[in-house]
Engineer: 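Quick one: structure below, then a few questions.
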Amino acid sequence: MAGGVVEGSVDDVENRKQAAAKAIRVLRSQVRWKPGKDAGHLAKRKVMGHLPAEATADDYNTLIGAVLNEVNSLIYHYPFSATDYYAVSGSMADVVWLVIFGADGVMETAFPPDDLADYLTKRGFVLLGQMGEIVHE
Amino acid sequence: MSDVERLLEHYIKGVRFPDVSGFEVLELLDVRSKLAIRESELDPAQLAKLEDADGVFLQHAPMLYESVTELGELSELRHRAAVPCSHWWWYLEKLVQSQSAEA
């Protein structure tokens, strides 16, 4: 299991799981970005070589949707900011992506960290569990 | 491409996008720290590229700072990442403060 730490009271963790599931359902129905931010994210993904030069915003959103629909993906909570952020890690074509979003179901970013476990540990992400255990359709 | 070359390319390209997300700024700071540890593996041409990229980093310091502070206090972010005090790029608040004083 990649990175993160497990902590918090049972009630707190359960509330976080429910909030994450709610946001993931919103994103599964439609990947939404902050106004005007999607183009910048797509441009960076292409420059970094994470997506091919011909990739479209739809391609990027489809990849994000795939990570959010994968039952083996892992769900985390970032507990240190005023905004409540959640993250999902999952493999697509042998690349591990990290999808980060707010509790409102609006995207913050999606990128493949250089070292996922190291990244999650250094940021203090809290592991909530596996997608299939937390989001029930 | 060697691992250190890949890290250098990552830093050079990533520093061009200071306002995408604070979460990616933190990754950029991690990558710069990994480069610092392996700086002796860089040849003179690569060191010149790193210096140029650091120049871009300094130009973008205010935007990088704004992005990353949405995620918490920088001092706490540094503490969680166990950042050595020699890694100046992690001290964005001081870089921005210094630039403001010079302006």
Side-chain angles (χ1 to χ4, degrees), chain A residues 3-5 7 33-51 53 57 60 64 76-89 95-102 106-126, chain B residues 1-38 49 52-53 56-57 60 63-84 87 89-90 92:
Chain A
V5 291
E7 59 182 24
W33 293 87
K34 293 172 187 169
K37 291 289 258 183
D38 53 344
H41 281 265
L42 178 63
K44 182 173 181 183
R45 297 286 76 82
K46 291 181 182 184
V47 167
M48 300 298 288
H50 300 152
L51 291 174
Y60 190 23
I64 290 165
Y76 308 87
H77 178 231
Y78 180 80
F80 303 109
S81 61
T83 304
D84 225 3
Y85 287 111
Y86 293 91
V88 173
S89 67
V95 176
V96 184
W97 285 76
L98 187 64
V99 178
I100 304 176
F101 46 90
V106 175
M107 285 295 301
E108 170 63 22
T109 187
F111 68 106
D114 186 56
D115 181 340
L116 179 70
D118 182 62
Y119 181 87
L120 293 170
T121 301
K122 283 181 175 169
R123 306 292 89 83
F125 275 90
V126 178
Chain B
M1 188 183 282
S2 70
D3 197 42
V4 73
E5 285 173 326
R6 187 183 56 75
L7 288 169
L8 181 59
E9 284 300 305
H10 187 138
Y11 182 61
I12 290 168
K13 290 174 179 172
V15 78
R16 291 164 50 190
F17 298 89
D19 58 352
V20 167
S21 166
F23 286 105
E24 294 197 50
V25 172
L26 292 174
E27 157 108 321
L28 185 73
L29 297 174
D30 284 341
V31 167
R32 183 62 185 85
S33 290
K34 288 176 186 173
L35 279 167
I37 291 164
R38 304 181 62 172
K49 285 183 181 178
D52 287 345
V56 177
F57 181 96
H60 289 166
M63 276 188 284
L64 292 162
Y65 179 54
E66 193 179 327
S67 296
V68 86
T69 50
E70 289 177 14
L71 305 180
E73 289 290 324
L74 249 176
S75 57
E76 291 173 17
L77 295 167
R78 282 193 295 264
H79 179 70
R80 279 199 290 276
V83 174
H87 289 191
W89 45 93
W90 275 94
L92 281 162

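Here is the naming used below: chain letters follow the sequence lines, and residue numbers restart at 1 for every chain. This structure is a prediction, so every number in the text was calculated from the model and none was measured.
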Engineer: Using only atom types and a distance under 3.5 Å, with no angle test, would you say the side chain of B:Glu70 pairs donor to acceptor with the backbone of A:Ser81?
Structural biologist: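 Judged by distance alone, no pair lies under 3.5 Å.
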Engineer: Does any backbone or side-chain atom of A:Lys44 lie under 4.5 Å from a heavy atom of chain B? Answer side chain, backbone, both or neither.
Structural biologist: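 Its backbone and side chain both get close to chain B.
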Engineer: State whether the number of non-hydrogen atoms from other residues, nucleotides or ligands found under 6.0 Å of A:Lys37 atom NZ is greater than 12.
Structural biologist: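 Yes, the 6.0 Å shell around NZ holds more than 12 heavy atoms from other groups.
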Engineer: Please flag which part of A:Ala43 lies under 4.5 Å from any non-hydrogen atom of chain B: side chain, backbone, both or neither.
Structural biologist: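 Both backbone and side chain.
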Engineer: Which residues from residues 18-26 of chain B are near chain A, with near meaning under 4.5 Å between non-hydrogen atoms?
Structural biologist: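 Listed by number: B:Asp19, B:Val20, B:Ser21, B:Gly22, B:Phe23, B:Glu24, B:Leu26.
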Engineer: Within residues 28-36 of chain B, which positions have a heavy-atom distance to chain A below 4.5 Å?
Structural biologist: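 Listed by number, the contacting residues are B:Asp30, B:Lys34.
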Engineer: Give every residue pair that meets the salt bridge (Lys or Arg N to Asp or Glu O under 4.0 Å) criterion with at least one member in residues 71-81 of chain B, sequence neighbours excluded.
Structural biologist: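 Passing the test, one end in residues 71-81 of chain B: B:Arg78-B:Glu93.
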Engineer: Please state whether the side chain, the backbone, both or neither of B:Leu7 comes within less than 4.5 Å of a heavy atom of chain A.
Structural biologist: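 Just the side chain, heavy atoms under 4.5 Å.
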Engineer: Per the side-chain hydrogen bond (donor to acceptor under 3.5 Å, both in side chains) rule, what does the pair list look like for residues 8-18 of chain B, sequence neighbours excluded?
Structural biologist: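 Matches after skipping sequence neighbours: B:Tyr11-B:Asp54.
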Engineer: Supply the atom-to-atom distance B:Leu71 CG to A:Arg123 CZ, rounded to the nearest 0.5 angstrom.
Structural biologist: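 Here the rounded value is 9.0 Å.
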